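Structure, as structure tokens:
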Amino acid sequence: MKKRFAILLLALSWTASAQDAVGTVTMTADGDRAAVTLSLPAQEVDGITSLRLSFDVQTDDAATVEFVFDEGLQSSVQQARYNASAGRLTIYLAGRQAVFTEGTVSLGEIRLSASQDLTATVQVQEDSLRLANGAYGATDDLELISQPVTLSVTGTDVPSGGDQGSGDQGS
């Protein structure tokens with residue numbers, strides 16, 4: 001009886017710790033752009049070769065939204081898609097090499113441009129993080145902590161470098 005109880009407690013504590021896995025998306029705003037960094041618990045990043053993450057971009061006026069991936073990423077597929085009608089920017093990374101060398105990875109920058117002055121609020125879309133390892137095992141039960149940021153565009157700002165967030169940026 002004591003042995004069964006101990007096994008039950010162990011199973012419950014393992015389940016609770018798996019459900020309590022928390023990651024952090026840090027967005028650091030600087031004018032019309034925000035640097036994006038993803039940090040996850042060490043036990044969650046081992047072997048992760050693919051990820052998907054979405055952001056809600058809220059603005060009252062039309063803006064061009066792009067994502068420029070960090071040059072240090074080794075993923076062969078680096079793609080960003082912006083759905084203007086939904087105000088959703090989704091980034092995708094995939095490849096054979098691990099996305100994370102440690103628990104934190106710099107993903108790149110969200111950049112806005114517009115023909116007139118505007119502000120936009122950018123926040124991580126709830127439950128949008130999806131991770132997969134090389135064996136196609138998926139992790140989607142991580143809680144993310146993130147704070148929204150406000151980006152300010154001065155009319156006719158044109159982001160420098162990168163594509164317009166609609167194609168592959170891979171090697």
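The structure displayed is predicted, hence computed values, not measured ones. For the numbers below, each heavy atom of this structure counts, side chains included, while hydrogens, waters and symmetry mates do not.
Residues G95 and S50 come closest through the heavy atom pair N-OG, 4.3 Å. Among all heavy-atom pairs drawn from Q97 and Q74, the shortest one is OE1-CB, 2.8 Å. Heavy atoms only, all atoms of each residue included: A63 and L118 are closest at CB-CD2, 4.0 Å. The two atoms that bring S75 and V99 nearest to each other are OG-CG2, 3.9 Å, heavy atoms only. Closest of all the heavy-atom pairs between P148 and M27 is CA-CE, 4.3 Å.
Annotation: side chain of T64 is not in contact with side chain of Y82 (no heavy-atom distance under 4.5 Å). Between L151 and V122, the closest side-chain pair of non-hydrogen atoms falls below 4.5 Å.
Take D61 and apply the side chain to side chain donor-acceptor pair (under 3.5 Å) test, not counting sequence neighbours, and it matches Q116. With sequence neighbours excluded, the residues satisfying side chain to side chain donor-acceptor pair (under 3.5 Å) with T104 are S39. Checked against side chain to side chain donor-acceptor pair (under 3.5 Å), T150 has no partners two or more places apart in sequence or in another chain. Residues meeting the side chain to side chain contact (heavy atoms under 4.5 Å, CB included) test with V45, sequence neighbours left out: L40, F100. Residues satisfying the side chain to side chain contact (heavy atoms under 4.5 Å, CB included) test with E126, not counting sequence neighbours, are none. In terms of the side chain to side chain contact (heavy atoms under 4.5 Å, CB included) criterion, A98 has no residue partners (sequence neighbours excluded).
Summarising the geometry, atom CD1 belonging to I48 is positioned 4.5 Å from atom CG belonging to L131; distances are rounded to the nearest 0.5 Å. A distance of 6.0 Å separates CG in L38 from CG in L129, rounded to the nearest 0.5 Å. Once rounded to the nearest 0.5 Å, the distance linking CG of L107 with CG of L53 reads 7.0 Å. R33 CZ to E109 CD: the interatomic distance, rounded to the nearest 0.5 Å, is 5.0 Å. The OH atom of Y92 sits 13.0 Å away from the CZ atom of F67 when rounded to the nearest 0.5 Å. From D60, atom CG reaches atom OG1 of T119 across 7.5 Å, with rounding to the nearest 0.5 Å.
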Please determine whether side-chain contact (heavy atoms from CB on, under 4.5 Å) holds for the pair Q123 and Q147, giving the CA-CA distance in whole Å, both sets of side-chain angles, and the decisive distance to 0.1 Å. CA-CA 7 Å; Q123 62 186 16; Q147 295 295 318; over 6 Å; no
Let's go through D56 and V124 carefully: what are the C-alpha distance in whole Å and the side-chain angles of both, what is the deciding distance for side-chain contact (heavy atoms from CB on, under 4.5 Å) to 0.1 Å, and is it a yes or a no? CA-CA 6 Å; D56 288 323; V124 173; over 6 Å; no
Evaluation steps, side-chain contact (heavy atoms from CB on, under 4.5 Å), between F55 and V36: CA-CA 11 Å; F55 302 87; V36 180; 3.8 Å; yes
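In this structure, a donor-acceptor pair under 3.5 Å is absent between the side chains of D117 and T154.
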Would you mind writing out the side-chain donor-acceptor pairs for residues 83-91 within the sub-3.5 Å range, not counting sequence neighbours?
| unit_1 | atom_1 | unit_2 | atom_2 | d |
| --- | --- | --- | --- | --- |
| N83 | OD1 | S85 | N | 3.1 |
| N83 | OD1 | S85 | OG | 2.8 |
| N83 | OD1 | A86 | N | 3.0 |
| R88 | NE | Q125 | OE1 | 3.2 |
| T90 | OG1 | S54 | OG | 2.8 |

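Side chain of S146 to main chain of V25: a donor-acceptor pair is present (N/O by atom type, distance under 3.5 Å, no hydrogens or angles).
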